[in-house]
Structure formats: C-alpha cells, structure tokens
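A short write-up of the structure that comes next.
Order of appearance sets the numbers: ligands from 1, and atoms from 1 within every ligand. One is the number of the first residue; the rest follow in order along the sequence.
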Amino acid sequence: MADNTTASSESTGLKQAAREALDNAPTTHQRLLDWVRDMAEMTQPDAIHWADGSEEEWNTLTTELVDAGTFVRLDEERFPNSFAAFSDPDDVARVEERTFICTKTPKGAGPTNNWEDPAVMKETLIGKFTGSMRGRTMYVIPFVMGSLEAEDPKYGVEITDSAYVVCSMRIMATIGTPVLDKMTRDNAFFVEALHSLGAPLEPGEEDVPWPCNPSKYIVQFPEDRAIWSFGSGYGGNALLGKKCYALRIASAIAHDEGWLAEHMLILKITDPEGEARYISAAFPSACGKTNFAMLEPTIDGWKAEMVGDDISWIRFKNGQARVVNPEAGLFGVAPGTGWSTNPNAMRGVARGNTIFTNVALTDDGGVWWEGMTDEVPEHLTDWKGNDWTPESGRPAAHPNSRFCTPIKQVDILAEEYDDPEGVPLSAIIFGGRRKTTVPLVSESFGWEHGVFQGATLSSETTAAAKGAVGVVRRDPMAMLPFIGYNANDYLEHWLDTGARVGEENMPKIYYVNWFRRTADGGFAWPGFGENSRVVKWIVERLRGTAGGQETPVGVVPAKEDLDLSGLDISDEELDAALRVDKDEWLAELPGIDEWFHKLGDVPEVILEQRAGLEERLKSS
Ligand SMILES: Nc1nc2c(ncn2[C@@H]2O[C@H](COP(=O)(O)OP(=O)(O)OP(=O)(O)O)[C@@H](O)[C@H]2O)c(=O)[nH]1
Ligand SMILES: O=C([O-])CC(=O)C(=O)O
Ligand SMILES: [Mn+2]
C-alpha cells in the first residue's frame with residue numbers, strides 16, 4: 001500500500017488536505033481507495049472527509065450548515081436537534097426527464113426509461129464532474145441498505161460534496177465506521193454512488209445556501225451497479241441510497257438474483273385474536289405510503305405497526321416470501337401530514353433529530369405546512385423566505401416539502417423492523433390516485449391477474465416529481481420512475497417469480513383507491529385511519545372469512561362485507577367508493593391498450609389478462 005500511496009501522491013494534482021485524507025484513509029479496501037482517489041482527481045475537492053456516522057460528526061456538520069445559511073436551527077425545546085433547509089426554487093423534486101438508465105443497448109433500459117450509451121454518458125459526465133468539487137469538501141459515506149447483519153449486506157459508498165446529503169444519509173441509512181469496517185474486513189462489493197452539486201467555488205467566490213446546477217443528470221449504470229448524480233441536492237436525486245440504489249440499481253440486482261425490489265411500504269397488522277400479518281403496499285410517490293404505513297386503526301381490537309414506509313425488498317426462501325425495509329429513516333411528504341391524519345408521524349418528528357426541507361417557518365422557531373394543524377398560523381415565513389399570511393393566496397410550504405426523521409423515533413415501529421431475515425409477507429396491495437373508475441378495494445383472481453392489476457396501475461401525477469400535476473399516467477407497480485431495466489422484462493420477472501415460487505406460496509394481491517370522488521367532487525372514502533376497515537376485509541379474505549362480490553375487475557366487498565361500525569359515511573359516498581361501473585371500465589381499456597402499445601413487448605400472459613377483462617366486462 002505504501003508504494004501505491006507515494007506514487008499517486010506525487011502524480012496527482014490533489015490539494016494537500018485531500019491527499020492526506022487519502023493517505024490516512026480509515027480502510028484498506030483497495031477498490032474503494034482506488035475509486036475515491038480517481039473521483040477526487042476528477043472532481044478536485046479542497047479536502048476529503050471520511051464520514052464515520054458519529055454524533056460528533058453530525059454536530060459539526062449541522063453547525064457548519066447553520067453557519068452557511070443552509071440550515072435554520074429550530075426551537076430546541078419543541079424541535080430538539082432539528083433543522084429546516086430551503087432549496088433552490090428549481091431543485092424541489094425528483095427530475096424524471098433528467099434521469100437515465102445507461103445499459104449497453106437501448107433495449108436494456110426499455111421503453112419507459114431515458115437511455116444513453118454508457119460510454120457516451122460517461123464522457124458527458126466526466127466533463128460535468130471535472131473540477132465540480134473545487135472549493136468544497138468531498139465526503140465519503142460508506143452505507144448499507146438493510147441490515148449490516150444480513151447474509152449478504154447490500155453495501156454502497158456515496159461520494160458527495162453536500163453536507164446536507166451526509167446528514168440526511170445518516171438518517172436514511174446505516175452509515176459510517178461500522179459499515180466501513182465490515183465492508184473492509186469482508187473485502188465486500190459495494191455500489192459506487194457518486195454525487196456532486198455541480199457548484200464549484202472559485203477562490204473568493206461567496207457560497208449560496210443551496211448550491212446546485214441547472215443542468216441535472218441522475219444516471220444509473222445498472223450493469224456496473226453504479227450511480228452518477230449531478231446538479232441536484234434534493235431527496236431522491238441526491239440521497240443515493242434511496243431511489244437510485246434501493247430501487248433502480250436494486251431492481252436490476254433483484255432481477256438477476258431472483259427477488260423483488262419494490263416501491264412499497266410494509267405494514268404489520270394484528271387482529272383482535274393476536275395474530276399478526278405483514279402487508280406491503282405500492283402507491284406512487286405522494287399517494288399515501290407513509291400514511292398507510294403509520295395507520296391508526298379506527299376499529300376495535302386491531303393494532304397496526306410500521307415496518308417500512310417506502311421500499312420493500314422481497315425475497316423467497318423455502319417457499320415463503322419475506323420482506324425487508326432497506327431504509328433506516330423516513331423521507332416523508334410534509335403537506336397533508338398532520339395531527340389529525342397521521343399523529344404517529346407527527347409524534348416521531350416531534351422527538352427531534354429531523355431535517356425539514358421546504359416547509360414554512362413560524363415566528364417562534366417552529367415549522368408549519370398545509371394540513372399540519374387545523375388552525376392556520378397568522379404569520380409565517382414561507383419556503384421561499386417571504387412573509388406569508390393566510391391571505392397570501394399561495395401555499396406556505398412547497399407541496400413536495402419533506403421531513404427526514406430516524407425510523408426508530410416512530411413509536412408504532414414493529415420491534416422486528418430491522419430483522420435481517422425480514423418478515424413474512426401475506427399480501428401485496430397496489431394503489432393509485434384516481435378520481436373515478438377504480439373501486440376502494442378489489443381482490444385479484446390470482447397471481448397473474450394481480451400482476452396485470454399492477455402492470456396497469458394508474459395514478460394522477462403529484463408534486464413529488466417535476467412536471468404537470470393531476471394527469472393520469474400508467475405506473476406499473478408504482479415503479480415507473482424506478483425500474484432500473486426494461487419494464488417488459490420487469491413484468492416478466494414478476495410472472496416468473498410467481499411461477500417459480502408457486503402461486504400458493506405467493507402473497508395475495510389487492511388493488512385499492514383511497515381517492516375516488518363523489519359527484520360533488522369530495523373524497524368518497526374518508527381514508528387515513530379508516531383504511532383499517534379495508535385492511536380488516538383483506539385479512540379476513542386471507543383467512544377465508546369475509547364475503548365479497550365477484551366483479552369483472554376482481555372481488556369487491558359489498559357494503560355488508562366491510563366493518564363500517566361507527567363510520568360516518570353516506571350511502572352515496574359508500575356507493576361511489578365501491579362501485580364497479582362497466583362503462584367507466586370499458587372506457588379504461590383504450591388507455592390500457594395505449595400503455596401496452598408503448599411498452600411494446602408485454603408478456604403474453606398479461607395480454608391474455610387484458611382480453612379476459614374485456615370479456616368479463618362485456619358479458620357482465
Ligand atoms: N384523501 C386521502 N389522502 C391521503 C390518504 N393517505 C395519504 N393521503 C395524502 O396523500 C399525500 C401523500 O401521502 P404520503 O403518505 O406522504 O405519500 P407517499 O406515498 O409516502 O409519498 P412518497 O414519500 O413521495 O413516496 C398526503 O398529502 C396525504 O395527506 C388517504 O387515505 N386519503
Ligand atoms: O425521491 C424523493 O425525492 C422523494 C420520494 O420519496 C419520492 O419522490 O418518491
Ligand atoms: Mn413517503
């Protein structure tokens with residue numbers, strides 16, 4: 001090692017502090033050392049810091065971020081150890097049109113991803129990253145998604161020039177010394193995750209609170225298991241363990257290794273007899289995963305606990321599906337999360353140690369967002385730093401503002417949430433945001449029909465991604481922006497997995513819609529805690545004790561099949577929530593066909609399911 005160090009110390013134009021950090025690296029993992037050195041030579045940081053994940057490091061970095069104006073320290077009493085950050089107004093969400101899957105051939109990325117030739121993209125990115133960390137510190141963050149005690153821990157190392165990213169990654173994943181030590185000891189494989197804000201600081205240049213670059217690239221190289229992210233400091237663009245690794249790269253790994261990496265929360269539900277079951281649910285971004293994962297049942301005797309709120313890694317062992325939440329934190333949508341809708345999230349956040357991004361500030365050092373409390377404050381500083389009053393006529397918090405909180409602070413967290421083996425999975429729920437057509441809940445006729453339901457899942461777009469809001473789009477398994485390879489192969493992989501493991505061993509599939517409207521435009525179903533009534537029906541269906549009506553789209557509960565005790569809901573609302581309308585569904589078919597046409601190479605089994613649906617509709 002000594003030779004190597006001397007040689008490269010001489011040969012590179014690295015700043016002395018950076019060179020010293022490399023020479024004194026806390027690891028002997030050669031591939032890691034080589035990669036960090038290469039990235040440092042390219043990005044030319046002033047210094048390199050190996051993140052150890054300690055509290056001391058957090059305190060130093062958060063203090064630096066406060067001094068830099070990136071963080072506002074919140075009132076210590078009500079929001080201990082918590083901070084608010086405000087992004088550049090153009091860096092507020094994932095940027096799907098700037099997200100690329102670079103596989104050897106365009107077919108590898110498939111019809112739903114932006115593709116570029118890996119060599120061409122690398123060249124472009126090298127141009128972008130060259131000197132991109134000048135004047136800044138390069139942080140090296142060893143992390144693991146899922147348990148460090150797992151049989152085959154899924155390691156990653158994020159290199160970033162953003163201290164905000166380091167602090168957020170410390171909440172969202174297990175990072176630092178224990179990870180690096182084990183990775184080094186086992187000389188383990190890790191995913192290379194390179195991130196730069198793309199805002200070098202030239203000598204004498206003053207920094208801004210939220211550096212970023214108007215030219216953004218969120219690039220996955222699934223075949224190399226590598227990520228290069230440039231220009232954005234925000235959430236899913238920058239916290240590379242999350243969507244980029246745990247979904248895009250992991251879905252490609254899962255395809256090769258025979259498991260599923262999915263955009264699903266994990267809910268533990270215990271019935272009045274004390275029997276526990278686990279359910280995963282896939283809803284597109286900002287369509288209710290975190291809320292459903294933290295459900296407070298409104299029916300007697302039922303208990304809900306959380307295992308995960310965003311990502312499920314589902315593996316199959318001895319004919320059993322088991323699911324792991326690979327994350328250690330919540331990156332939750334703030335607006336609409338309130339004491340009345342999601343008290344569990346509110347209590348978790350109130351314990352402190354939270355980073356808020358793009359919420360509004362109250363005059364007494366707290367935070368506020370639309371829907372947090374019924375009472376609206378008289379004066380706020382909005383997420384753009386302007387004075388705000390209820391008369392301002394604009395939201396005080398950005399619609400995609402977020403809280404980033406350690407999962408351990410959620411008091412309804414299931415004890416087994418980080419079991420390296422995962423928990424057994426009984427059911428999978430798909431759901432989207434649809435004003436019409438899709439009933440409150442339906443049960444699939446079987447695995448293949450369930451995969452068809454997932455493949456044709458549709459939802460109105462939200463503020464979680466840049467672009468128009470409220471447009472219906474197909475979002476297979478709520479994974480449209482996250483499938484790291486060809487979507488047709490992804491659907492085939494779902495089918496193959498069911499066939500391999502055996503239908504009788506697979507979780508049963510359900511399809512829900514909390515967002516259907518009545519004629520007057522209001523929500524037909526009250527949602528949130530009341531969704532426990534739907535969960536109860538699902539559990540009773542699994543047990544074989546609940547009734548249901550066979551409809552062309554699946555088995556749907558009749559009013560009598562749902563526990564509606566104590567629920568204030570009119571007959572019109574209930575009918576609007578549960579109705580399967582033949583004409584609405586027939587009108588849905590052209591949209592499905594258009595979608596399949598776009599996919600181009602849809603598995604035959606799914607086309608057969610499509611034909612079956614039309615047949616059932618026409619004969620109903
Ligand atoms: N009407 C209604 N709204 C809901 C329900 N559940 C969640 N919402 C709203 O949907 C929005 C997003 O909810 P989240 O639970 O944060 O969504 P998510 O799927 O976790 O979003 P990401 O973190 O972006 O993946 C919030 O504004 C919620 O208030 C429900 O049952 N009914
Ligand atoms: O990725 C993000 O920025 C936030 C998130 O969870 C999503 O959009 O689904
Ligand atoms: Mn969420």
To which protein heavy atom is atom 9 (O) of ligand 2 closest, and what is the distance rounded to 0.1 Å? S285 OG, 2.5 Å
Could you pull out every donor-acceptor pair under 3.5 Å between side chains of residues 248-255 and any protein atom, sequence neighbours left out?
residue, atom, partner, partner atom, Å
R248, NE, P481, O, 2.8
R248, NH1, Q220, OE1, 3.1
R248, NH2, P481, O, 3.1
S251, OG, L247, O, 2.9
S251, OG, R248, O, 2.9
S251, OG, G484, N, 3.0

Quick note on ligand 2: atoms under 4.0 Å from a heavy atom of F331 include exactly 3 (O), 4 (C)
Where do D161 and G198 come nearest, in terms of heavy atoms and distance? OD2-N, 4.3 Å
Looking at K435 and E584, does any basic side-chain N land under 4.0 Å from a carboxylate oxygen? no
If you look at every heavy atom in C244 and I218, which pair is closest and at what distance? SG-CG2, 3.9 Å
Does one side chain, of T99 or R94, offer a donor that lies under 3.5 Å from an acceptor on the other? no
At less than 4.0 angstrom from any non-hydrogen atom of A464, what atoms of ligand 2 do you find? 8 (O)
Side-chain donor-acceptor contact under 3.5 Å, E116 with Y217: no
Name the orientation class of the two ring planes belonging to F356 and W369 (parallel below 30°, tilted from 30 to 60°, perpendicular beyond 60°). tilted
Residue contacts for ligand 1, heavy atom to ligand atom, distance under 4.0 Å: H263, P284, S285, A286, C287, G288, K289, T290, N291, D310, F331, V333, P335, G336, R402, R433, W514, F515, F523, G527, F528, N531
Could you tell me which residues satisfy side chain to side chain donor-acceptor pair (under 3.5 Å) with S392, sequence neighbours excluded, listed by chain and number? none
Specify whether W313 and Y245 have parallel, tilted or perpendicular ring planes, treating 30° as the upper limit for parallel and 60° as the lower limit for perpendicular. tilted
Identity and separation of the nearest protein heavy atom to atom 2 (C) of ligand 2: G236 N, 3.3 Å
With respect to atom 5 (C) of ligand 2, which of K243, K289, H263 exhibits the smallest heavy-atom separation? K243
side-chain contact (heavy atoms from CB on, under 4.5 Å) evaluation trace for E572 with T518: CA-CA 8 Å; E572 279 118 292; T518 54; 5.8 Å; no
Please report which non-hydrogen protein atom sits nearest to atom 8 (O) of ligand 2, along with the residue it belongs to and the distance in Å to one decimal place. R94 NE, 2.8 Å
Indicate whether any N or O donor in one side chain lies under 3.5 Å from an N or O acceptor in the other, for T357 and Y164. yes
Side chains of H398 and K384, donor plus acceptor under 3.5 Å: no
Given side chains that start at C-beta, do those of L380 and L361 come closer than 4.5 Å, heavy atoms only? no
Should N237 be counted as touching ligand 2, given the test is an N or O pair under 3.5 Å? no
Check for me: within less than 2.8 Å of the Mn ion (ligand 3), which protein N/O/S atoms show up? T290 OG1
Need the ligand 2 atom indices (1-based, order shown) with element for anything under 4.0 Å from a heavy-atom of G235. 3 (O)
With a cut-off of 4.0 Å, which atoms of ligand 2 are near a heavy atom of K242? 6 (O)
Just which atoms of ligand 2 are under 4.0 Å from any heavy atom in R402? 4 (C), 5 (C), 6 (O), 7 (C), 8 (O)
Output yes when a side-chain donor or acceptor of S444 lies under 3.5 Å from a complementary backbone atom of I509, and no otherwise. yes
